[in-house]
Protein chains: 2
Amino acid sequence: MRDELREELREDEYELLARLAQRYYVDERTQEEIAREFALSRPKVQRLLDRARRSGVVAIHIQAPPWLRLELESQLRETFGLSDAIVCSAGSDPLAEREAVAQRAARYLERRLHDGCVVAVSHGRAVGEVPRFFRPGSRLDVTFVSAMGGSPGVAAPTNPNEICRALAAGCGGQAVSLYAPAYVESVEIRDQLLAQEAIAQSLDRAAQASVALVGIGGTDDGCTMVRSGCLTTDEIARLRSQGAVGDVLGNYVDIDGRPVASPHQDRLLALTVEHLRRVGTVVAVVSEPEKPRAILGILRAGVIGVLVVDEGNARAVLDLAAHEPAMAGRAGGDPLPSQGEV
Amino acid sequence: MRDELREELREDEYELLARLAQRYYVDERTQEEIAREFALSRPKVQRLLDRARRSGVVAIHIQAPPWLRLELESQLRETFGLSDAIVCSAGSDPLAEREAVAQRAARYLERRLHDGCVVAVSHGRAVGEVPRFFRPGSRLDVTFVSAMGGSPGVAAPTNPNEICRALAAGCGGQAVSLYAPAYVESVEIRDQLLAQEAIAQSLDRAAQASVALVGIGGTDDGCTMVRSGCLTTDEIARLRSQGAVGDVLGNYVDIDGRPVASPHQDRLLALTVEHLRRVGTVVAVVSEPEKPRAILGILRAGVIGVLVVDEGNARAVLDLAAHEPAMAGRAGGDPLPSQGEV
DNA sequence: CGCAGCCATGAGCAAATGCTCACCGATGCA
DNA sequence: TGCATCGGTGAGCATTTGCTCATGGCTGCG
């Protein structure tokens with residue numbers, strides 16, 4: 001749809017197109033004026049202008065700052081049916097990169113959020129950096145709600161409750177914490193906790209959010225879920241062997257975006273993929289290098305609306321997607337995957 | 001109006017403009033979609049896009065064939081209030097240049113004329129070349145009428161009657177000849193001729209034309225009016241001394257476009273400048289080198305709607321216009337000069 | 001030579017766009 | 001501190017644009 005056949009034009013045809021394009025794009029005449037001038041019908045002028053554009057007689061170039069990767073972003077949007085994609089390139093330092101991604105995510109939120117918004121927030125290192133850069137121009141009456149429980153084994157600033165608090169502080173909004181662990185030892189305990197009024201209410205609040213801010217986790221031994229003590233290396237290895245490539249809010253998916261059904265699922269206190277689907281805009285913030293498979297899986301699950309990512313991962317994901325087509329039953333990049341099979 | 005202050009943009013502002021422009025011009029989203037996406041109001045998106053364009057973030061370039069002089073044409077249009085200008089560059093050979101100009105004029109007529117049109121035609125060398133190239137795709141029911149009398153002293157193909165006949169033959173239309181000389185020896189003879197039914201009718205027909213095809217004559221000793229024997233070198237010298245720089249249909253004007261009142265005027269059998277003003281589209285075909293002063297005068301007279309000209313004259317006329325501003329009372333390039341003072 | 005299918009054409013309409021205007025909040029001056 | 005001014009903002013409308021569709025001429029095939 002982008003790279004049409006640059007059909008060969010005859011010389012006089014070329015001239016006409018160029019003339020029309022000049023009048024329209026440079027001199028800013030209306031199509032009707034031009035039609036009168038050239039003794040053509042208005043629709044014909046329209047068609048010729050269209051042709052001028054598609055055939056490259058009219059070249060529209062966006063003088064983008066060199067650090068913008070607009071082309072890459074468009075590819076991501078189109079390939080995965082995202083409503084937006086933001087790619088940052090901050091050089092080779094992984095830390096600087098994470099900060100850059102967080103900053104762009106913060107900027108996006110500043111633009112996107114307005115009074116009355118409710119934002120569900122996940123854990124994660126990249127997500128944890130967002131509050132540092134989140135400084136809206138004016139006070140915003142926004143509520144940030146934890147979308148999953150906390151993990152005692154990890155640094156406080158990457159826990160959802162803490163992130164919510166910091167984000168709320170940044171804009172003068174409110175924070176709603178989820179006073180529960182992310183993972184518990186058994187289904188029974190999970191259900192008991194879910195029966196708690198405070199916990200159920202918080203999660204419900206998160207489920208009603210209009211925006212979600214999430215990270216994407218991998219399945220290597222050093223991933224956040226393991227570092228935070230939610231899962232053991234054995235457990236993550238078992239998930240890997242089941243095909244899992246990454247997670248959002250502890251919900252693991254395989255490379256085709258299908259959920260990986262596993263017992264861990266039932267010990268999780270977090271929004272589910274279904275919940276996320278009902279959230280208007282799910283913003284994923286990813287920066288750790290070498291997570292392309294995780295990102296690809298999650299993107300194919302079709303829950304992400306906006307992806308904020310570093311350039312390396314962005315290219316890698318697009319490469320992967322091109323070389324590892326999605327399996328049947330879930331078309332690659334289908335913007336609206338059917339929910340039935342989940 | 002074209003070269004606005006390329007205001008300096010802050011970095012994030014620049015980014016936003018580039019992003020919006022990308023979405024609009026490259027991805028072809030609507031302004032409303034973009035507004036929703038960026039959480040802005042639609043009018044704001046519109047204004048930002050406008051700014052993006054004026055500030056040069058969006059660069060629209062017309063890949064014009066190198067032989068097109070679109071920029072020059074726009075300047076001519078704007079400076080002289082023309083409805084169209086066509087500039088040809090055919091290298092250094094004056095003959096080739098004249099042919100190129102005639103060819104472009106012919107093309108223009110092919111586009112412009114349609115069934116029922118009446119075209120008034122003047123004499124001239126460049127005009128005389130037009131019929132050779134005038135080959136409309138289909139038969140056209142167009143009537144070509146001589147707008148001035150003939151001149152026995154000049155080659156037949158540059159006489160209006162002959163040009164009309166050839167043009168009519170080219171498209172299968174009709175030719176209406178004016179069987180009278182262009183100049184006669186006295187006012188009395190002119191008036192007698194004008195009293196002739198046939199002559200009056202022909203001239204009247206020409207005056208009703210919707211299009212006129214005219215040449216622009218100079219005031220040098222070798223100009224068409226002298227070569228054709230209409231005027232002697234003494235007469236043209238006197239006209240020069242009165243400030244005349246050029247003529248259309250034998251009507252001389254000075255460098256500011258004001259008619260040069262002279263006795264010759266009354267011995268002329270041709271449409272007047274007033275008549276031309278009432279013709280919808282006056283197409284001037286000019287190619288002889290070194291006629292810029294003549295062209296400038298005629299353009300300032302405000303009768304020309306479409307100018308077909310070689311590149312050398314085009315540049316020279318614009319130069320002249322910039323350096324020799326029109327005198328008070330007739331603003332330079334005024335597209336609609338008042339008719340009162342004529 | 002006749003016919004079917006095709007592309008090109010312009011009428012007409014729905015959507016998108018540009019623009020005007022009244023309003024609001026910020027800034028600067030008294 | 002109060003007031004005037006100005007730049008920016010979104011509602012609402014007129015214009016412009018994109019698109020669909022019925023029509024007609026042309027081409028190629030029978």
Side-chain angles (χ1 to χ4, degrees), chain A residues 1-2 4-5 7-10 12-14 16-17 19-55 57-58 60 83 110-117 135-141 171-172, chain B residues 1-2 4-5 7-10 12-14 16-17 19-55 57-58 60 62 110-116 136-141 171-172:
Chain A
M1 190 170 275
R2 171 93 337 111
E4 318 74 9
L5 58 151
E7 46 180 327
E8 215 35 75
L9 300 165
R10 272 177 326 172
D12 57 341
E13 215 171 353
Y14 192 174
L16 181 60
L17 291 192
R19 241 174 236 296
L20 291 172
Q22 165 87 4
R23 289 304 268 159
Y24 188 70
Y25 289 104
V26 182
D27 301 343
E28 309 198 342
R29 310 274 134 204
T30 70
Q31 295 182 356
E32 201 153 328
E33 283 179 297
I34 298 171
R36 229 174 298 129
E37 208 171 284
F38 285 77
L40 300 166
S41 72
R42 217 256 311 153
K44 176 141 209 189
V45 170
Q46 144 109 303
R47 275 188 271 261
L48 289 171
L49 283 173
D50 207 48
R51 215 141 71 76
R53 203 156 158 190
R54 313 240 164 265
S55 65
V57 174
V58 179
I60 299 185
S83 74
E110 289 165 9
R111 266 209 329 253
R112 176 70 176 68
L113 298 181
H114 47 87
D115 286 353
C117 282
R135 292 283 173 282
S138 62
R139 207 177 161 291
L140 277 176
D141 180 20
C171 71
Chain B
M1 189 170 277
R2 171 93 339 112
E4 317 73 9
L5 57 152
E7 46 180 326
E8 214 37 72
L9 302 164
R10 271 175 322 154
D12 56 342
E13 214 170 353
Y14 192 173
L16 181 61
L17 291 191
R19 239 173 237 297
L20 290 172
Q22 165 87 4
R23 290 305 269 157
Y24 188 70
Y25 289 105
V26 181
D27 301 343
E28 309 198 341
R29 309 275 134 203
T30 69
Q31 296 181 355
E32 201 153 328
E33 284 178 296
I34 297 171
R36 230 174 297 128
E37 206 172 284
F38 285 77
L40 301 165
S41 71
R42 218 253 312 148
K44 176 142 206 189
V45 170
Q46 145 108 304
R47 275 189 272 260
L48 290 171
L49 283 172
D50 207 49
R51 217 139 71 77
R53 206 159 155 187
R54 314 238 166 265
S55 65
V57 174
V58 178
I60 299 185
I62 310 296
E110 289 164 10
R111 265 208 331 251
R112 175 70 176 68
L113 298 180
H114 47 87
D115 286 353
S138 63
R139 207 178 161 292
L140 277 176
D141 180 20
C171 70

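Convention: sequence-line order gives letters A, B, ...; per-chain numbering from 1. Values below: every heavy atom of this structure, side chains too, minus hydrogens, waters and symmetry copies.
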Range on DNA chain C touched by chain B, heavy atoms, distance below 4.0 Å: C:dA16 to C:dC19

Side-chain donor/acceptor of A:Glu110 to backbone N/O of A:Arg135, under 3.5 Å: yes

Any donor-acceptor pair under 3.5 Å from B:Arg29 side chain to B:Ile34 backbone: no

Within-4.5 Å side-chain heavy-atom neighbours: B:Val45 and B:Tyr24: no

Salt-bridge contact A:Arg51-A:Glu13 (side-chain N to carboxylate O under 4.0 Å): yes

Rounded distance (nearest 0.5 Å) linking atom CZ of A:Arg47 with atom OG of A:Ser41: 6.5 Å

Separation between CZ of A:Arg36 and CD of A:Glu32, rounded to the nearest 0.5 Å: 5.5 Å

Under 3.5 Å, which N/O atoms of the protein pair with N/O atoms of nucleotides 11-18 of chain D?
from: D:dT17; atom 1: OP1; to: A:Tyr24; atom 2: OH; distance (Å): 3.1
from: D:dT17; atom 1: OP2; to: A:Gln31; atom 2: N; distance (Å): 2.8
from: D:dG18; atom 1: OP2; to: A:Gln31; atom 2: NE2; distance (Å): 2.7
from: D:dG18; atom 1: OP2; to: A:Gln46; atom 2: OE1; distance (Å): 2.3
from: D:dG18; atom 1: O5'; to: A:Gln46; atom 2: OE1; distance (Å): 3.4
from: D:dG18; atom 1: N9; to: A:Gln46; atom 2: NE2; distance (Å): 3.3
from: D:dG18; atom 1: N7; to: A:Arg42; atom 2: NH1; distance (Å): 3.1
from: D:dG18; atom 1: N7; to: A:Gln46; atom 2: NE2; distance (Å): 3.2
from: D:dG18; atom 1: O6; to: A:Arg42; atom 2: NH2; distance (Å): 2.7

Derivation of the side chain to side chain contact (heavy atoms under 4.5 Å, CB included) call for A:Arg53 and A:Leu49: CA-CA 6 Å; A:Arg53 203 156 158 190; A:Leu49 283 173; over 6 Å; no

